[in-house]
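Here the structure is laid out as structure tokens; the discussion comes afterwards.
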Amino acid sequence: MSSEEERSEDSQARELAKTYDPALTENAWYSTWLTKGVFAASSDSAKPAYSVLMPPPNVTGMLHMGHVLNHTIQDVYIRWRRMAGDESCWFPGADHAGIATQARVEKLLAQENLTRYDLGREKFLERVWQWREQYGDIILDQLRKIGVSCDWERMLFTLDESASKAVSEVFIRLFDEGLIYRGKRIINWSPLAQTALSDEEVESRETQDVLYTLRYYPEDAAEPLLVATVRPETIFGDVAVAVNPDDERYRDLIGTKVRVPLADKLVPVIADEYADPTFGTGAVKITPAHDPNDFEVGQRHDLPMPNSINPDATLNELAGEFQGLDRFDARKRIVERLRERDLIEKEEEYMHSVGYSQRGGEAVEPFLSDQWFVNMKALAAPALEVVQSGEVRFFPQHWTKTYEHWMSNIRDWCISRQLWWGHRIPVYYAPDGSFTAARSAEEACAKLGLPEDTPLRQDPDVLDTWFSSALWPLTTMRWLADGQKEQTADLAKFLPTNLLVTGPDIIFFWVARMIMMTKKFKGVIPFRDVYFTSMIRDARGRKMSKSLGNSPDPLDIIAKYGADAMRFTIIYVAPIGQDIRLKVDEKTQDIATMEIGRNFANKIWNAARFLLMKHKEVIKGVAREAHEDLPTYRYDLTDSWITSRFHETIRDTQRALQEYRLHEYAGKLYEFIWNDFCDWYVEMLKIRVAHSPTETYRQEMVNHAFLIFEGILRLLHPVMPFITEELWHAITDVDSSDSIVRAPVPTLDEARILPQETAQFRTVQSIVEELRAMRGQMNIPPHERLPITLACPDDPTSELLKSERHIITELARGSNLHIGRGLAKPAGAIATVVNGVDVFLTLKGFIDLDKEKQRLAKEIGRLKGMIKGTAAKLQNEKFLANAPASVVEHERGKLANLENTLAKLSTNLEQLAE
RNA sequence: GGGCUGGUAGCUCAGUUGGUCUAGAGCGCCUGCCUUACAAGCAGGAUGUCGGGAGUUCAAAUCUCUCCCAGCCCACCA
């Protein structure tokens, strides 16, 4: 017997446990879903397509709360659209994460006292693949725990062969078009990873340093030229000192030479606008190999560009006695030596920003080297256009500004990495130094016009991981994967995708580049809507991170609260476009907020228990069915009201989802299920069943409750997939092979939204609430039943309330209930007014005159205040002249109502005083 | 330096185009309840000069200006 059969038999037979235990359902349902293949999508389907690309998590990654938010949002949309009748396809994948993965394996090698060079490229890559086989799926297994409904058959790893083909092809095409080029430039060098980085991989941080003013002595003068620097260790790469051509102070020095301290070499003083006369001394040392600005100056003046630093950030042979020292040690030693030789004019504390590697955290070294670049300007223009025109929409919209700014000031992208783990650059070099990009060495020979057997050398570098990520919309849909086919069934069906959900931190890394590449190679946008998720922070507003110890393991949260609870909570508390703060217990890393979702799940669970109990009691042998249709029997007010509220909730939740207001989707469900369905409807069902005149009517009432509840489950399923599946099987007679995953969303019927009945029902509700409040304020013990009198202003109201007499009596704990037009206040009663109805509660011996006077006086005070405000408005001629008629009308009605209530309460107060 | 967010109850936040807003919800707090599903629950209660100031308007939490505070992003002068 398979697990799903077991469970389904089980849920029919057993009583539901008193509290919901997610551990008993979640894992079992996920494997059932996989077995049944309910997440699979087909490009052959006639249904409209809906697709989402999963941002491929790094194979080195561990699940964190950011993933939870991100994937829950995607899953909500995928599940919702699937139920709404779309061919809903979520493309999953994983990213090879060049630097991170390589670093991970190198660290393991280090434990064996090996480096990657000891193994050589091929053996090393074998080791990395082994590692990926062993650990690379952990993150995906973790994602399954939260219930993601992606089509796992379509799983793609960014280093899979099919992806590689597309990556090479794109490189070659861009190279042939001149959009990829090789150049000697200053790039950001990571001394830890020993590779180039793109500008985006560098983050700048304010750093406290010392600004040294050094003495550069002219060849034949005793007065030194003063030059300020924070990096004295780079003086061995100095090739000039620049001053501003308009700077009077140094005009005479231009063209002369000065001696670089310690380096013992003479460099020219040059004139360049780059030197800012107002900063420091106005003279700046030029070190072209170690500073991007200096590099430009060097180019303008055709200066040599000696490199004085090694790839591991130690100083090289140019540094003489300091050779081999790490850059920061060298700085200290050089400063000491400069002091000894009296070459420092002054030292001052200095705050400035320094670039750090986003991954390794070390200070990045500006480094002159040969690298590969993508010319971004040509690619950016169409990608900017589609966002500005609204073809691609950003949510929240304000991110378009950030995007526009970046795209309009775009700089070329350094794509080569001095790593081994990645897509190798398909460029071949001939012995004569010529080179080209090609699909094979043979093709390269042909392109270069060389004999077929010319020994070529392939470029040793690999591509930035984000280069392959940029092609994600294409590679997931097997572009060029099988026999170089430009068009595939998936591309035809699912591109452009509908939604991308990602963090705003990768808007440049990923979102922009996917738009560029997809536009470039397919001529279409990759996705229509981009939803930028909130950042998840701790209670103090800090990012969640392992090192801070404020990053709970979602698996622990799931174990404690359940995946549904976690999913619901995170959607419920996530405001669009703003960061989420979660209170994390410093010791246990628990997130108590998850109780919201857990309690909610438990509430739903118990509502189901109650319904099943009533079913047993009332319907007995009658089958429970899952239908779309609502019952045909004559509604009473309660049924009309709950049906109306249900359809309002359908409307509101669908609209919220369409507008990417997920917290509202969750909020509306929470409100409806807890407040309306459980607190009122279920409570009233108890009373209505007890007082129902006929068996049939009782059965219809209970049946109706089942239908509403079944609809609730389907409405809730996208955010709480597990419990809704479990209960769907428990409360309906659907075949055990069916799944709510593929059930339809409840159909909105606007005609069932009934404002009048809703208003009538609210009157009943308000009366009950007022009576409860009066009891509370008078400290009436809950068991004490007291007479209630409702004096109605007219017959319809009286009729309405009479038809709800049982409900009012029971919910307000009445002994007997008098309803009628213009009834007098009974002796010993306290009073309030609801929509013109005098509500009297006879207290008998419980009355406390002072308390009641206080209560009335307070209410009268409030009313008077409101009357004063409203009356002032209505006396204001400008208001009457300018405000729309409906507003004036409303104010008039409000005033009348307030005055009526005030009059009644004042009378009551006077009577008490007598 | 440029840009983007946000500042509403003790905490986290709603509040859509200005008018049913003398401002709501959840959590927390206080009171009373093991009421025929749920104490992970039920009923009731207290709590706010809507960051400060000015302006527009018949009408401002909502629009404009300005200042203050917090956070993020981009660009950076050694």
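First the proteins, then the strands, lettered A, B, ... as listed; each starts at 1. Source: prediction; values computed, not measured.
Using a 4.0 Å heavy-atom distance criterion, A:Glu683 is classed as a base contact. Within the nucleic acid shown, A:His405 comes within 4.0 Å of sugar-phosphate atoms alone, with no base atom in reach, counting heavy atoms only. Residue contacts shown for A:Tyr350 are limited to sugar-phosphate atoms, with no base heavy atom under 4.0 Å away. When heavy atoms are screened at a 4.0 angstrom cut-off, A:Asp679 is found touching the sugar-phosphate backbone but no base atom.
The A:Lys686 side chain lies nearest to B:A37 when the options are B:A37, B:G41, B:A40.
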Provide a list of protein-nucleic acid N or O atom pairs under 3.5 angstrom, restricted to nucleotides 44-47 of chain B.
| unit_1 | atom_1 | unit_2 | atom_2 | d |
| --- | --- | --- | --- | --- |
| B:A46 | OP1 | A:Lys858 | NZ | 3.1 |

Between the protein and nucleotides 7-12 of chain B, which nitrogen or oxygen pairs come in under 3.5 angstrom?
| unit_1 | atom_1 | unit_2 | atom_2 | d |
| --- | --- | --- | --- | --- |
| B:C11 | O2' | A:Lys583 | NZ | 3.2 |

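Stem list for RNA chain B (at least 3 consecutive Watson-Crick or G-U pairs, distances under 3.5 Å): B:1-7 with B:68-74, B:10-13 with B:24-27, B:29-33 with B:41-45, B:51-55 with B:63-67.
Residues passing the side chain to side chain donor-acceptor pair (under 3.5 Å) test with A:Glu648, sequence neighbours excluded: A:Arg645. Remark: A:Tyr216 engages no residue in a ring pair (Phe, Tyr, Trp, His ring centres under 6.0 Å) (not counting sequence neighbours). With sequence neighbours left out, the salt bridge (Lys or Arg N to Asp or Glu O under 4.0 Å) criterion links A:Asp199 to A:Arg411.
Aromatic ring centres of A:Trp406 and A:Phe508 lie closer together than 6.0 Å.
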